[in-house]
Amino acid sequence: MKQPTFLTSFERRSVLLFAGLSLVAAGQAFAQSTAPKPATGEQADVSTVFNQADTNGDGRLSRQEAQAIPGLAERFDAVDTDKDGAISLQELSVAMSRPAG
Ligand SMILES: [Ca+2]
Ligand SMILES: [Ca+2]
């Protein structure tokens with residue numbers, strides 16, 4: 001007995017539809033996992049700590065100012081990724097968002 005054409009074409013459509021939906025779902029999951037995080041308390045904490053340590057208010061932490069943040073002075077060279085001799089808020093954020101060591 002021959003298989004009805006309707007069924008096979010319906011099945012093919014279903015498979016395509018399912019594959020398409022899976023791709024959309026995967027794309028959304030991917031977009032969510034890579035989307036920038038909204039401003040969180042963690043970010044606010046970093047800038048608060050930064051501003052407190054930046055005693056002369058020039059927006060950079062010198063080696064001396066870095067000593068106000070526990071554990072930062074000994075990681076100074078690693079945190080100062082652009083090697084300009086000072087730690088910017090961005091450099092501090094990066095350092096604090098990754099595990100120590
Ligand atoms: Ca400073
Ligand atoms: Ca720097």
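Just so you know, ligand 1 is whichever comes first in the structure, and atom 1 is the first atom listed for that ligand.
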Quiz item: Can an N, O or S atom be found in T55 less than 3.0 Å away from the Ca ion (ligand 1)?
Solution: no
Quiz item: How wide is the angle at the Ca ion (ligand 1) between O of R60 and OE2 of E65, to the nearest 10°?
Solution: 130°
Quiz item: For E74, does the CD atom sit with more than 12 other heavy atoms under 6.0 Å from it, leaving out its own atoms?
Solution: yes
Quiz item: What pair of heavy atoms forms the shortest contact from L72 to A66, and how long is it?
Solution: CB-O, 3.6 Å
Exercise. Taking both backbone and side-chain atoms into account, decide whether A86 has an N/O/S atom under 3.0 Å from the Ca ion (ligand 2).
Key: yes
Quiz item: Which of the N/O/S atoms in D58 sits closest to the Ca ion (ligand 1)?
Solution: OD1
Quiz item: Taking E65 for the side chain and F50 for the main chain, is one N or O donor matched with an acceptor at less than 3.5 Å?
Solution: no
Self-check item: D54 OD1 and N56 OD1 subtending at the Ca ion (ligand 1) (10° steps)
Solution: 80°
Practice problem: Could you grab the angle centred on the Ca ion (ligand 2), going from OD1 in D80 to OD1 in D84, to 10°? | Solution: 80°
Self-check item: Donor-acceptor pair, side chain of D54 and main chain of G59, under 3.5 angstrom
Solution: yes
Quiz item: Which atom, among the N/O/S set of D82, is closest to the Ca ion (ligand 2)?
Solution: OD1
Quiz item: Does the side chain of Q52 reach to within under 4.5 Å of the side chain of I69, using non-hydrogen atoms?
Solution: no
Quiz prompt | N, O or S from L61 under 3.0 Å to the Ca ion (ligand 1) | solution = no
Quiz item: Just by modelled atom types, is the V49 backbone N or O under 3.5 Å from a matching donor or acceptor in the D45 side chain?
Solution: no
